[in-house]
There are 2 protein chains.
Amino acid sequence: MSDSDGTGLSASLEAAWGLRERPGKGPRPGLSLERIVDAAVGLAAAEGLGAVSMGRVAKELGASTMSLYRYVGAKDELYVLMLDRAIGAPPPPPAPGTGWREALAAWAWQQRDALRRNLWMLRVPVSGPPITPNSVAWWERGMVALDGTGLDEGAKISVILLVSGYVRSEAGLMADLDAAIRATGGTPQQVMSRHARTLRRLADPDRYPAVARMLASGVMDEPDDPDFEFTFGLDRVLDGIQVLVDRVTPG
Amino acid sequence: MSDSDGTGLSASLEAAWGLRERPGKGPRPGLSLERIVDAAVGLAAAEGLGAVSMGRVAKELGASTMSLYRYVGAKDELYVLMLDRAIGAPPPPPAPGTGWREALAAWAWQQRDALRRNLWMLRVPVSGPPITPNSVAWWERGMVALDGTGLDEGAKISVILLVSGYVRSEAGLMADLDAAIRATGGTPQQVMSRHARTLRRLADPDRYPAVARMLASGVMDEPDDPDFEFTFGLDRVLDGIQVLVDRVTPG
DNA sequence: CAGTAGTGCGTATGGCATACGCAGAAGGGG
DNA sequence: CCCCTTCTGCGTATGCCATACGCACTACTG
């Protein structure tokens, strides 16, 4: 709402974009957006997103709860800044001339790595499309990867959304498994086999023959290598994009 | 934790599976799981997931807050039941002999319709893989759709996860747009063009040339037909699966 | 040396999930 | 037929949460 440049962004987000220079008036701030966001991210990494409360973050910084509101308009803004911080700047782009498929695959893997390092990101309640510096930088990388494809801009966006959606949903499965492990204890194997056992007990094979067949095959009883799983799906997605690219650029 | 059949499921979930007959002892229950879940779903549909609190649901039923806990062990259980209720039973399967691609596409569209009718579902904080009757039924339908493909069970699961992940992430974009419309008001067009304008102001064209080019092209300024958008991505995903299927079954 | 904008933060409000325990209802065993 | 076990609804209380508001204070600007 407060809107000095007409961006319609919150003050804290404008600060993240490097606008909004500090006016030299009142007392020197004892904290900084950066320190607050760092503390919040550290807390989320160590104890999960649930541990991130305004009071707890303030305690981590040795400040009072309400002092944070001098830097952040609301908790949702803090969430947005946390996401920007955690996704970070994208890695350097591949060498020019790299094929779109290789470039897009690398982009997907890099994004997955960032999410894997910060599984709490997938639990942050989302409100809208992210307009933070780092997410725009990632977006740029994705668009650049598609430069040689001959796709129009609309198709490029759709492809980018498709790939990053896939990465998110795959990472979400990891986060779910991780949550189950934290909640009930045990190894991934134990969690998976317990899950399969429960399903076997509940799902009547007459009503759900295909599920029963799948359970009987044993694939549910132990987790695949997550990298293999990710590669498999990513290959499908890239194959699908390739079909489109080949149609647009037959040569 | 309470575990009469060794399923390891919560009491309310066992009730959803039809286990756990009512013991004829104490006073007749004045509520029912079904009524509670219905009220909660209605509330979420009308006022958003944020309106769903134990107290508010109870008020809707003319009961006290704490009485709900005789039916539901915790709010998370209520969430799970809400999701099961909202996704509902899957529509009847396609005629036998329908090709896998057509069947899988129909499955994806049906799932999208269910999500579109209940956008709040995408905001429910997830905890793990769903083990509810309806989600298993949906799963069954997906596996059945892949019956003729010759894929092994592990690949079928991956394909199912890929498609439903795509549906979820696409629906998530719809939910984001919807949230932005509710929050700031205006039509989808206005929301999109405001977004594009903000981005144009923030993203330096020198640092983000591909993004700038995309913004200049104007595709960001108005929302596509959402059905077109969905079809586009779904076609990519199905094309990718097709490549795999054709490789496994060249004939 | 005022005035003023910005600071940290104590206090208060209203919402939330939920633990606990009591009073009463209903069926079952003697 | 009656008591006892089991289950019900629910009032109360606890502790957490985000955050509005206002006060005291600080450091720069004119």
Which residue pairs pass the ring-ring contact (aromatic ring centres under 6.0 Å, His included) test with at least one member in residues 174-201 of chain B, sequence neighbours excluded? none
Pair listing, ring-ring contact (aromatic ring centres under 6.0 Å, His included) test, anchored in residues 157-180 of chain A, at least two apart: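 Listed by first then second residue: A:Tyr166-A:Phe230.
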Would you please name every residue forming a salt bridge (charged side-chain N to carboxylate O under 4.0 Å, His left out) with A:Arg28, sequence neighbours left out? none
Can you list everything that forms a salt bridge (charged side-chain N to carboxylate O under 4.0 Å, His left out) with B:Asp221? Sequence neighbours excluded, please. B:Arg200
Run the side chain to side chain contact (heavy atoms under 4.5 Å, CB included) test against [X] and tell me which residues pass, sequence neighbours left out.
X        : result
B:Thr132 : B:Leu13, B:Val80, B:Asp84, B:Ser135
A:Pro223 : A:Pro188, A:Gln189, A:Met192
A:Glu229 : A:Glu170, A:Asp224, B:Ser158
A:Ala175 : A:Leu119, A:Leu122, A:Arg123

B:Ser67 side-chain proximity, nearest of C:dT7, D:dG9, C:dC9: D:dG9
Rounded to whole Å, please give me the gap between NZ in B:Lys59 and P in C:dG14.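 Whole-Å distance recorded here is 14 Å.
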Let me know the distance between CZ of B:Arg70 and P of C:dC22, rounded to the nearest Å. 13 Å
Which residue pairs pass the salt bridge (charged side-chain N to carboxylate O under 4.0 Å, His left out) test when at least one of the two sits in residues 37-48 of chain B, sequence neighbours left out?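 The answer is B:Asp38-B:Arg85, B:Glu47-B:Arg56.
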Please tabulate, one pair per line, each protein N/O and nucleotide N/O from nucleotides 26-30 of chain C that are separated by under 3.5 Å, including the distance.
{"residue": "C:dG27", "atom": "OP1", "partner": "B:Arg28", "partner atom": "NH2", "Å": "2.0"}
{"residue": "C:dG27", "atom": "OP2", "partner": "B:Arg28", "partner atom": "NH2", "Å": "3.4"}

Dump the pairs, protein N or O against N or O of nucleotides 18-21 of chain D, anything under 3.5 Å, distances to one decimal.
{"residue": "D:dA18", "atom": "OP1", "partner": "A:Met54", "partner atom": "N", "Å": "3.4"}
{"residue": "D:dA18", "atom": "OP1", "partner": "A:Lys75", "partner atom": "NZ", "Å": "2.8"}
{"residue": "D:dA18", "atom": "OP2", "partner": "A:Met54", "partner atom": "N", "Å": "3.0"}
{"residue": "D:dT19", "atom": "OP2", "partner": "A:Tyr69", "partner atom": "OH", "Å": "3.0"}
{"residue": "D:dT19", "atom": "OP2", "partner": "A:Lys75", "partner atom": "N", "Å": "3.0"}

B:Asp178 and B:Arg116 ion-paired at < 4.0 Å: no
Strand contacts (DNA chain C) in residues 30-50 of chain A, 4.0 angstrom heavy-atom criterion: A:Gly30, A:Leu31
